[in-house]
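Please read the structure below before turning to the comments.
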Amino acid sequence: TLRELKTRGTYTRLEAKTRTLAEGLAEIAKEAGVPFSSVWVGAMFGFFFHPGPVQNFDHARKASAERFRTFFHAMLERGVYLAPSPFESGFVSTAHSDRDLARTLDAARESMEAAARAGDGG
């Protein structure tokens, strides 16, 4: 792991993967008409079913918990395990391939449709 991290460009590639995922999720939500906000830094990302930006805990609490639950379970049914709480961060690793990210975003497209049907209920 340490050798991998010392390799030139590793952190740049890792952040690019994280950005691809976070921006991809936001784009999918936008296409589905679902209020959504995502952020990332380095290998860490987070998202809320809230139009954003989410800048503090008060904002985060206003996000739709029902949409998060629906999305989380729909993703799980499609083989993608996300952090089970909307207040937790997710992490991308160098082991995640472009194909892994594409599969995750494909699962998110279907799962976001379920979240859209869940309504605000949060």
Side-chain angles (χ1 to χ4, degrees):
T1 299
L2 294 177
R3 273 192 292 274
E4 172 86 17
L5 294 175
K6 286 173 61 176
T7 302
R8 186 181 186 125
T10 297
Y11 287 100
T12 301
R13 287 188 304 277
L14 183 55
E15 184 161 19
K17 290 175 189 254
T18 309
R19 182 181 338 105
T20 294
L21 181 60
E23 288 181 348
L25 290 171
E27 183 60 32
I28 289 166
K30 181 179 178 183
E31 290 168 5
V34 175
F36 190 88
S37 177
S38 66
V39 295
W40 75 93
V41 62
M44 184 171 61
F45 70 97
F47 62 87
F48 293 94
F49 285 91
H50 180 285
V54 174
Q55 298 174 320
N56 56 47
F57 186 63
D58 286 334
H59 294 163
R61 287 189 325 186
K62 292 177 184 172
S64 174
E66 181 61 31
R67 280 193 168 134
F68 179 86
R69 270 189 302 276
T70 301
F71 184 75
F72 171 81
H73 288 288
M75 291 292 279
L76 196 57
E77 289 172 7
R78 289 162 179 79
V80 179
Y81 183 76
L82 299 167
S85 167
F87 303 109
E88 294 182 65
S89 296
F91 296 89
V92 176
S93 79
T94 58
H96 289 110
S97 67
D98 291 342
R99 187 174 179 193
D100 294 329
L101 296 175
R103 285 181 177 174
T104 300
L105 293 174
D106 285 344
R109 276 185 187 81
E110 296 174 16
S111 300
M112 197 63 74
E113 291 173 13
R117 290 189 301 272
D120 289 332

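Predicted model, so just to flag it, every value in this text is computed and none were measured. By convention here, the first residue in the shown sequence is residue 1. Note: hydrogens, waters and symmetry copies are ignored here, and every other heavy atom, side chains too, is used.
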* To do: Give a yes or no on whether Asn56 atom CG has more than 12 heavy-atom contacts from other residues, nucleotides or ligands under 6.0 Å away.
  => yes

Look up atom [atom1] in [X] and atom [atom2] in [Y], then write down how far apart they are to the nearest 0.5 Å.
| X | Y | atom1 | atom2 | result |
| --- | --- | --- | --- | --- |
| Arg61 | His59 | CZ | NE2 | 11.0 Å |
| Met44 | Glu15 | CE | CD | 10.5 Å |
| Lys17 | Asp98 | NZ | CG | 5.5 Å |
| Glu31 | Glu113 | CD | CD | 10.5 Å |

* **Whether Arg67 side chain and Ala118 backbone form a donor-acceptor pair below 3.5 Å** => no

* **Check: Ser37 side chain, Pro53 main-chain N or O, donor-acceptor pair, under 3.5 Å** => no

How close do [X] and [Y] get, heavy atom to heavy atom, and via which atoms?
| X | Y | value |
| --- | --- | --- |
| Ser111 | Arg78 | OG-CD, 3.5 Å |
| Ala83 | Ser89 | CB-O, 3.8 Å |
| Phe48 | Pro86 | CE2-O, 3.2 Å |

* Lys/Arg N to Asp/Glu carboxylate O, Asp106 vs Arg109, below 4.0 Å -> yes

* **Joint cluster assignment, Val41 & Phe91, ILVMFWY side-chain distance < 4.5 Å** => yes

* Asked: Do Thr7 and Arg13 touch side chain to side chain, with heavy atoms closer than 4.5 Å?
  -> yes

* How about Thr10 and Thr94: do any of their side-chain heavy atoms sit closer than 4.5 Å? -> yes

* To do: Check which hydrophobic residues are tied to Leu82 through side-chain heavy-atom contacts below 4.5 Å, counting indirect links as well, and list them.
  => Leu14, Leu21, Leu25, Ile28, Val34, Phe36, Trp40, Phe45, Phe47, Phe49, Phe68, Phe71, Phe72, Met75, Leu76, Val80, Tyr81, Val92, Leu101, Leu105, Met112

